[in-house]
Amino acid sequence: MFLPVIILLIFAFLSIVATYLAIVERDMLVAAIFMAFQGVCYAIIYYVLMAPDVTLAYIPISSGLTPILILIVLKKTERIER
Amino acid sequence: MNEILQAIFTIVIAVFIANMGIALYGVFSRPSLIKKTMSLVLFTDSINMIAISIGFRMLEKGYPKPPILPRIPETPAELEHFTQVSVDPLLQALVLTAIVIGFAINMFIIGLVKMYYRHYGTTDIRVSLEERI
Amino acid sequence: MRKKDIIIAISLAIMVMAISSALYVGRFIVITPPYKTRDLAKSFLKYSYNPWNEELTSYALNVVSAIIWDYRGLDTILETAVLYSAIIGITTLFRGVIEIRGLRHRGLSFLVKMPSRIIIPLIIAVGISLAMYGHLTPGGGFQAGAVATVAPALIITIFSIETLYALKFRTRKLFLIRTIAFAGILVISISLFLYSLVFLTNAYILQNMIRENSNALMPHWFVDVPLAGSIFFYNILEFLTVFAGLTYVFIIYSMREREVESMWREVETYE
């Protein structure tokens, strides 16, 4: 009976850790992986808040298309910020 | 059970507002254009999450249900019971539109970043600021 | 990712959660979800599938799809137009590109290529199934398009872009499919209006089922499963629109460098 509440707490905690690490990191390939992990945490929170259509639209965009787009741009420009 | 849900809900909304603050800090404190784009994506995601959590509701006994009819209803009493148990569906339609438009703008911004790199040879924003002075 | 960064991140998260729970216990900031929904949401939930009230219903079991395509259909058509104008903007920035053919043996290692040959057709099958059942289960047009466009993006990353050319994905053909599907959405939205002009009854633009003063309606039963009229056709056309448009943008962004350099040299001789 407490299961949705515990899941909500754990994944909110993990999402704020992943957001801070994604901004401070200098190697932008690792920062894109942290962004994908934050997208997974948010998708699970969308499911616990009972919104199935938004979950199905958010999973491919945040964990599939945005990191691939950033990888394509990184290959053609610089990879490590100064 | 309902008191624990109220406490956790307040904590979770505070976490989303903190995410908004950290992403906004990331927009103006890092000198690389790609890092600014990634911070803008995180900012948009947090705002959409706050908009969905406005439409949640609590029941006296049990947990609420998603806004989809599980089977074809046969009496009008079943429809009445469904409207007492389900979550608000109008906010989810608005957030779907917001996700689509945000992704389109994101793709266009990355095209502009590639054009900037072709002209200046780097994605650092301090190079173009020195030219004006 | 040094140790200092991880410790700062964990302590920041603990600080945010501790301050907010302290404010809650002291009854200073209390944010709670309500016990009743709003009246507008109640009326949407009640009239979305209601065979006893034939003037306000739309025969769709998925309430969110009925709101997006039937009760507020004009918003969704304009949002598709915003996506279309972003694609046109990207086409304007990268003009004069020429595609080069010729397959080369590149890409990641064999261990990565072997499972992805099984997974990539399954991703497209999931996308098509989400589009066709959009009015009965969670899903819909835009969700299906976003899921199905992960497959060409993975092909670009794991294999090379010449593999995508060999599978007959040209930029001009994709742009043509995108425009034709968008025109199909506009034609379906005025189809009942044209039907009423031909047969001299009364009908509105963007109409789906029976409303006041008009008796025209789109098909709403398929043997024994409810089919929500124009919502079904809108979902399939939106899937084609989003799939073709986003794959077109991914191909333009990841082409080889030689093609775009020839365009850049042409522009510089003009100035």
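Lettering follows sequence order; numbering is per chain, from 1.
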Is it the side chain or the backbone of Val249(C) that comes within 4.5 Å of chain A heavy atoms, both, or neither?
neither

Identify the two heavy atoms, one from Lys76(A) and one from Met255(C), that lie closest to each other, and give their separation to 0.1 Å.
NZ-O, 2.8 Å

Non-hydrogen atoms of chain A under 4.5 Å away: do they reach the side chain of Thr137(C), the backbone, both or neither?
neither

Measure the spacing between CD1 of Ile59(A) and CD of Gln143(C) and express it to the nearest 0.5 Å.
11.0 Å

Once rounded to the nearest 0.5 Å, what's the spacing between atom CG of Leu154(C) and atom CD1 of Ile68(A)?
5.0 Å

Would a 4.5 Å heavy-atom cut-off, applied to side chains only, mark Phe142(C) and Ile61(A) as touching?
yes

Residue-level contacts of residues 76-88 of chain C with chain A, using a heavy-atom cutoff under 4.5 Å:
none

When only pairs under 4.5 Å are counted, which of Ala18(A), Gly64(A), Ala57(A) shares the most heavy-atom pairs with chain C?
Ala57(A)

Just checking heavy atoms, which of residues 4-15 of chain A are less than 4.5 Å from chain C?
Leu9(A), Phe13(A)

Report which part of Leu56(A) has an atom under 4.5 Å of a heavy atom belonging to chain C: side chain, backbone, both, or neither.
both

Side chain, backbone, both or neither: which part of Val17(A) has a non-hydrogen atom closer than 4.5 Å to chain C?
both

Which atoms of Thr157(C) are under 4.5 Å from chain A, going by heavy atoms: the side chain, the backbone, both sets, or neither?
side chain

Tell me whether the count of non-hydrogen atoms from other residues, nucleotides or ligands lying under 6.0 Å of CZ in Phe175(C) goes above 12.
yes

Please examine the side chains of Asn62(C) and Asp53(A), heavy atoms only from C-beta on, and report whether any two atoms are closer than 4.5 Å.
yes

Let me know if Leu65(A) has heavy atoms under 4.5 Å from chain C in its side chain, its backbone, both or neither.
both

Could you tell me the separation between the CG atom of Leu21(A) and the CG atom of Leu12(C), rounded to the nearest 0.5 Å?
10.0 Å

Approximate separation, where rounding is to 0.5 Å, of Arg26(A) CZ and Asp5(C) CG
10.0 Å

